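Accompanying notes for the structure given below.
Everything numeric in this text was worked out from a predicted model, so none of it was measured. Both ligands and their constituent atoms are indexed starting at 1 by order of listing.
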Amino acid sequence: MKPFSLTQPKDADAAIQAHAKLPDAQFIGGGTNLLDLMKYGVMEPKSLVDLQDLSFHEIGPGSDGGLRLGAGVTNAETAEHPKVKKDYPLLSQAILSGASPQLRNMATNGGNLLQRTRCYYFYDCATACNKRRPGSGCAALKGFNRIHAILGASEHCIATHPSDMCVALVALDAVVKVRGPEGEREIAVEEFHRLPGENPEKDTVLKESELILSIELPSSNFSKHSHYLKVRDRESYAFALVSVAAALQLSGGRIVDSRVALGGVAHKPWRARAAEDFLKNKECDRDLFLEAGKLVVKDARGYGHNDFKLELAPRAVAEALLQAWKGQES
Ligand SMILES: Cc1cc2nc3c(=O)[nH]c(=O)nc-3n(C[C@H](O)[C@H](O)[C@H](O)COP(=O)(O)OP(=O)(O)OC[C@H]3O[C@@H](n4cnc5c(N)ncnc54)[C@H](O)[C@@H]3O)c2cc1C
Ligand code: SF4
C-alpha cells in the first residue's frame with residue numbers, strides 16, 4: 001500500500017473542504033472496500049478523509065412519514081433497526097443477505113452505495129480494464145465473464161454493480177441526499193448509479209467532493225408483501241449471481257402496484273419497469289410471474305460464461321414475486 005495522509009474532520013462541511021483541497025483525496029467510511037482496493041493497488045489515494053466523527057450516524061423520521069438513514073450508520077444497525085424491519089423488511093433482508101456479520105458491523109450506508117464492482121479483472125492490475133485504467137481495454141469481454149452483466153452493458157465494460165442493499169433501495173424508490181462544494185441536492189437511487197457507456201470509470205453521477213449525507217426512504221405500501229431473493233454460489237458470504245427485490249401491493253389477490261429490481265445483471269441496480277407495468281391490475285398467479293420474468297430479459301444478452309443468467313434471471317424474478325405474494329414469514 002502506498003503512503004497516504006489521514007484527515008479527521010468534525011463536520012460535513014469540513015470534510016467536503018478537506019476533500020476538495022487535499023491532493024487525490026477519497027472519503028473513507030468503514031474501509032471494507034476502499035482499503036482492499038488500496039492494498040491491491042487498484043486505487044491509490046494520496047489523502048483519506050475519515051468520516052467517523054461526522055454527525056450522520058442516526059436513523060430518524062424522514063419527510064411525509066418516511067425514514068432517513070444516515071450515511072454513517074452501519075449496514076448492521078440499519079438492517080436491525082425496528083422501523084426498518086417493520087416498514088421496510090425488503091431492505092433489512094437485502095442487507096442481511098450480504099457480506100458477513102463482521103463486515104456489516106463496519107460497512108456504512110454511504111460506503112455500500114459506492115462499493116465498486118467485483119469484476120476479477122478490475123482487481124488484477126496485470127490485466128486490461130477500462131474501469132481501472134480508461135482506454136486499456138476490457139479483459140472480461142473475451143475472458144471469464146461468469147459474474148458479468150446481461151443488461152445495459154457496453155463494448156467498454158460488462159461489469160455488474162455488487163450491492164444487495166442498493167437493489168432494495170431502488171425497489172423502494174429511495175433518494176440519496178448529497179452535499180458538495182456547490183451545495184446540496186437529492187438523487188433518486190435509480191439515477192445514482194450509471195450504465196458504463198463510454199466512461200466505465202465513472203460508477204455514479206456523484207460530482208467531485210460530493211459527500212453522501214443520508215438515504216431518504218419514502219413511506220411504503222410494500223411492507224406486507226416483499227421478498228429479496230439472492231442466487232449465489234455459496235449460501236453465505238458470496239456476491240449475487242442474480243438477485244431480485246420484489247414487492248407487491250395487493251387488494252384481494254389483485255396487484256395494485258409492484259416493484260421489481262434486479263442485482264447481478266447490470267452496471268447498476270436494474271429496475272424492471274416493463275415487468276411492473278405488466279403486473280398492474282392482474283390477479284397473482286405463478287404463470288403471470290413467469291411472464292413478468294421473461295419481460296426482464298427481453299433485451300438481454302450473454303457473453304459466454306454468463307449465458308446461464310438469461311434463464312436464471314426470469315426464474316428468479318418469478319420466484320421472488322411468488323415469495324412476496326405469500327408474504328413475510330415474521
Ligand atoms: C469479503 C467481502 C464480501 C462482501 N459481500 C457483499 C455482499 O454479498 N453483498 C454486498 O452488498 N456487499 C458485500 N460486500 C461489500 C460491502 O458491503 C462493502 O464493502 C461496504 O458496504 C462498503 O462500505 P464501507 O463503509 O466499508 O465503505 P468504504 O470502503 O469506506 O468506502 C467505499 C467507497 O465509498 C466512499 N464513501 C464512503 N462513505 C461515503 C460518503 N458518506 N460519501 C461519499 N463517499 C463515501 C469511499 O470514498 C469509497 O470510495 C462484501 C465485502 C467484502 C470485503
Ligand atoms: S468488465 Fe469493466 S471492470 Fe471488468 S475488466 Fe471490463 S472494463 Fe474492467
Side-chain angles (χ1 to χ4, degrees), residues 12 15-16 19 25-38 42-43 45 48-52 54 56-57 70-76 78 94-100 102-124 127-145 147-149 153-168 176-180 196 199-201 203-204 206-207 209-215 230 232 234 236-240 243 263-264 267 269 303 306:
I16 294 161
H19 190 284
Q26 286 284 330
F27 294 122
I28 180 162
T32 62
N33 190 211
L34 182 57
L35 291 178
D36 277 353
L37 290 162
M38 289 169 67
V42 177
M43 291 174 76
L48 290 186
V49 179
D50 183 2
L51 304 176
Q52 67 177 335
L54 271 56
F56 62 177
H57 300 279
V73 179
T74 66
N75 285 176
T78 304
I95 293 174
L96 293 175
S97 77
S100 66
Q102 294 89 338
L103 282 160
R104 294 194 297 267
N105 282 338
M106 286 302 294
T108 63
N109 292 332
N112 194 315
L113 279 160
L114 290 176
Q115 64 173 293
R116 308 212 65 190
T117 183
R118 291 282 156 175
C119 171
Y120 329 107
Y121 303 103
F122 177 67
Y123 284 77
D124 179 355
T127 60
C129 172
N130 287 324
K131 186 179 281 296
R132 180 171 26 79
R133 196 150 59 85
S136 63
C138 171
L141 271 173
K142 295 211 164 98
F144 187 53
N145 47 38
I147 62 171
H148 288 75
S154 77
E155 58 181 312
H156 304 286
C157 179
I158 58 171
T160 53
H161 184 72
S163 167
D164 292 295
M165 181 185 91
C166 294
V167 182
V176 187
K177 192 169 176 183
V178 305
R179 189 187 301 169
N199 300 98
E201 71 279 8
D203 293 345
T204 70
L206 263 192
K207 293 185 194 154
S209 301
E210 275 187 325
L211 175 74
I212 300 173
L213 298 176
S214 62
I215 297 167
K230 180 169 176 178
R232 48 189 154 170
R234 281 190 308 269
S236 74
Y237 206 43
F239 288 91
S243 69
H267 197 257
Y303 291 86
N306 69 347

Is there at least one pair of N or O atoms, one from [X] and one from ligand 1, spaced under 3.5 Å apart?
| X | result |
| --- | --- |
| I28 | no |
| A99 | yes |
| G30 | yes |
| L211 | no |
| D164 | yes |
| G31 | yes |
| F56 | no |
| N33 | yes |
| I212 | yes |
| T108 | yes |

Going by the atom numbers of ligand 1, which of them fall below 4.0 Å from some non-hydrogen atom of [X]?
| X | result |
| --- | --- |
| N112 | 17 (O), 21 (O), 22 (C), 23 (O) |
| A238 | 8 (O) |
| K230 | 7 (C), 8 (O), 9 (N) |
| L34 | 29 (O) |
| L51 | 38 (N), 39 (C), 40 (C), 41 (N) |
| P162 | 10 (C), 11 (O) |
| Y237 | 1 (C) |
| Q26 | 47 (O), 49 (O) |

Quick one: which ligand 2 atoms are inside 4.0 Å of a heavy atom on [X]?
| X | answer |
| --- | --- |
| N130 | 7 (S), 8 (Fe) |
| C157 | 1 (S), 2 (Fe), 7 (S) |
| Y121 | 5 (S) |
| H156 | 7 (S) |

**Request:** Answer side chain, backbone, both or neither: which part of C138 comes under 4.0 Å from ligand 2, heavy atoms only.
**Result:** both
When you measure from the side chain of [X] to the backbone of [Y], do you find a donor-acceptor pair of N or O atoms at a distance under 3.5 Å?
| X | Y | result |
| --- | --- | --- |
| S136 | C129 | yes |
| K131 | P196 | no |
| N109 | S214 | no |
| T127 | Y121 | yes |
| S243 | G263 | yes |
| H57 | Q52 | yes |
| T74 | M106 | no |
| N33 | Q115 | no |
| H161 | P269 | no |

Return the residue, atom name and 0.1 Å-rounded distance of the protein heavy atom closest to [atom].
| atom | result |
| --- | --- |
| atom 48 (C) of ligand 1 | F27 O, 4.0 Å |
| atom 51 (C) of ligand 1 | R118 NH2, 3.7 Å |
| atom 38 (N) of ligand 1 | G111 N, 3.5 Å |
| atom 35 (C) of ligand 1 | L114 CD1, 3.7 Å |
| atom 19 (O) of ligand 1 | T32 OG1, 2.7 Å |

**Message:** Looking only at the side chains, is there a donor atom on one of Q102 and N105 sitting less than 3.5 Å from an acceptor on the other?
**Reply:** no
**Request:** Run down the list H19, M165, Q115 and name the one with the heavy atom closest to atom 12 (N) of ligand 1.
**Result:** Q115
**Asked** When you check the gap from the basic side-chain N to the acidic O, do D124 and R132 get nearer than 4.0 Å?
**Response** no
